[in-house]
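Read the structure below first, then the notes.
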Amino acid sequence: MTVVKIALLGAGTVGTQVARLLSEQKEDLAARSGAQLELVGIAVRDVSAPRDPAVDRSLLTDDPESIIDEADVVIELMGGIEPARAYILRAFAAGASVVTGNKALLAAHGPELYEAAAQADVDLYYEAAVAGAVPVVYGLRESLAGDRITAVLGIVNGTTNYILDEMTVKGLDFDEALAKAQELGYAEADPTADVDGLDAAAKCAILASLAFHTRVSIDDVHVHGIRSIAKADIESAGRSGCVVKLVASAKRRPEGIELHVGPTLVPLDHPLASVRGAFNAVVIEAEAADRLMFYGPGAGGAPTASAVLSDVVAAASHKVDGGRAPRELIYGDIPVLEASRGRSSFQAEFAVRDEIGVLTKVTGVFAAHGVSIRAVVQTVGEDGLARLTVNTHEALQADLEATLAELADAEFISEVHNVNRVEES
Ligand code: NDP
Ligand code: HSE
């Protein structure tokens, strides 16, 4: 049987599980790929650090280049931009295919990597880069290649979904929930990427490029993280029959592509509302297929390793039988819309003076800026203030911002609380 040499770059949360599965499933993987998969080395920063027994210490090296140069397939699970980018380019130059879970790198340098893989006539696979074990990259790139996608809407960051879920269900505060997500191996090495929405934005860019066949980078995505979400926001969402989720949204509008990542109120009857813990879900709307949902574990060592191994089987079988991974299908040039041209329904909460005529004044400001109100709920507060919750119909972000700017200065408003997007069911 042909031997396909594998170099593994990284033996952290995911790399360790990949090493374990390569060993435990050796025979099945050989039968499926048509090749003996031989792990020739595992590159880490610190070869003397304690490791899970699944990692064969005799394979450890702190010289990644030495194992890249002898490999047929390089698995990059180090993370970060450099030196991961340089190692992947080196692998292509040496004729090796690459499997990676590095969404940050793909969202920033995808075109360069695709180009280098094409030049070298080798594969670049990255199923693990979006939604862990969930085969949404394959689904978009291959299963839906015959359809026209109109929207991709997802919970694509396990850490933030876990944090919001723990805050909602167990009443934990933000820091406690983040510490638990880190212990469970969901968070990035620097969890800022998770909580500030950048990890979800990278995934949003990858999904949008696949869905709309137009080059989208992380810089095109308008991002808000979850740091500003407090228990009060979660309780307020609950009163409106919603849960707060970090939603990545890529929508094809007549005038261009709208890309947004941010805390969103999701009605309880929406399919994304029931996504719990570190699970991910991606809802895809396509003209012919209609609405599909991909769902499953979105982070963690073993689930992510499952996606990595599926790519390794594909890349190894190409080494045996010939053939290539699907090429990058970028042929469109749809403009990406400025944040101000985005559209959504919104919910805003205000503390207002509880006096005759204030409600009319507030709703008048919305009307003056062309923002249509769907519902208003007023509850009596303390100190002569009332709490006003305003839900709008779909409105332009720019019009909503103009409304809020005027209200923030109005003498009858005491405070503007968090303003969030609302996803319609
Ligand atoms: P970890 O931080 O747990 O592991 C990183 C590994 O890479 C470590 O073994 C580290 O060595 C090694 N490494 C880092 N820099 C270098 C370097 N310069 N030279 C050699 N080795 C290096 O990361 P994860 O396993 O969590 O993530 C890996 C990749 O997978 C990232 O791109 C991440 O975004 C992605 N991913 C992660 C998921 C998850 O749930 N964790 C899910 C989906 C994708 P050492 O052990 O010595 O420190
Ligand atoms: N940190 C990422 C998350 C890992 O929490 O979703 C999976 O990509």
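When a ligand or atom number is given, it counts from 1 through the structure's own listing order. When reading the values below, keep in mind they use all heavy atoms of this one structure, side chains included, and skip hydrogens, waters and symmetry mates.
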Which atoms of ligand 1 are found less than 4.0 Å from any heavy atom of [X]?
| X | result |
| --- | --- |
| A299 | 40 (O) |
| A128 | 43 (C), 44 (C) |
| G185 | 39 (C), 40 (O), 41 (N) |
| L77 | 5 (C), 6 (C), 7 (O), 28 (C), 30 (O) |
| E188 | 33 (C), 34 (O) |
| D46 | 47 (O) |
| V14 | 25 (O), 37 (C), 38 (C), 39 (C), 41 (N) |
| G300 | 39 (C), 40 (O) |

Provide, to 0.1 Å, the distance between [atom] and the closest protein heavy atom, together with that atom's residue and name.
| atom | answer |
| --- | --- |
| atom 18 (N) of ligand 1 | P83 CG, 3.6 Å |
| atom 5 (O) of ligand 2 | T159 OG1, 2.6 Å |
| atom 2 (O) of ligand 1 | A189 CB, 4.2 Å |
| atom 44 (C) of ligand 1 | K103 NZ, 3.3 Å |
| atom 8 (O) of ligand 2 | K103 NZ, 2.5 Å |
| atom 48 (O) of ligand 1 | R45 NH2, 3.0 Å |
| atom 42 (C) of ligand 1 | T304 OG1, 3.2 Å |

Which ligand 2 atoms does [X] reach within 4.0 Å, using its non-hydrogen atoms?
| X | value |
| --- | --- |
| Y186 | 1 (N), 2 (C), 3 (C), 4 (C), 5 (O) |
| N157 | 2 (C), 3 (C), 5 (O), 6 (O) |
| D194 | 1 (N), 2 (C), 3 (C), 5 (O) |
| K203 | 2 (C), 3 (C), 6 (O), 7 (C), 8 (O) |

Is atom 11 (O) of ligand 1 touching the protein, meaning some protein heavy atom lies under 4.0 Å away?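 So atom 11 (O) of ligand 1 has protein heavy-atom neighbours under 4.0 Å.
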[Y] versus [X], side-chain donor and acceptor atoms under 3.5 Å:
| X | Y | value |
| --- | --- | --- |
| T160 | N157 | yes |
| E424 | S345 | yes |
| S240 | Q347 | yes |
| S236 | E349 | yes |
| H318 | D123 | yes |

Check contact between R51 and ligand 1, using heavy atoms of the residue and a distance below 4.0 angstrom.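 For ligand 1, residue contact (heavy atoms, under 4.0 Å) with R51 is present.
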Hey, does A49 sit under 4.0 Å from ligand 1 if you only count heavy atoms?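 No.
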Within 6.0 Å of CG in D63, more than 12 heavy atoms from elsewhere: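 Atom CG in D63 is crowded, with more than 12 foreign heavy atoms closer than 6.0 Å.
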Might you confirm whether atom CZ of R327 has over 12 heavy atoms from other residues, nucleotides or ligands at distances under 6.0 Å?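 Check fails, neighbour count at 12 or below.
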With a 4.0 Å cut-off on heavy atoms, is G298 in contact with ligand 2?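 Contact check G298 vs ligand 2: positive.
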Can you find an N/O atom of L9 closer than 3.5 Å to an N/O atom of ligand 1?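 No, L9 has no N/O under 3.5 Å of an N/O on ligand 1.
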Would G301 count as being in polar contact with ligand 1, using the rule that some N or O on each side must be under 3.5 angstrom apart?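 No, there is no polar N/O contact under 3.5 Å.
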Is it the case that ligand 2 has an N or O less than 3.5 angstrom from some N or O of N280?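 No, there is no polar N/O contact under 3.5 Å.
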Would G158 count as a polar contact of ligand 2, with the cut-off being nitrogen or oxygen pairs under 3.5 Å?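 Right, the criterion is met.
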May I ask you to say whether E112 pairs ionically with R85, meaning some side-chain N is under 4.0 Å from a carboxylate O?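 R85 and E112: salt-bridged.
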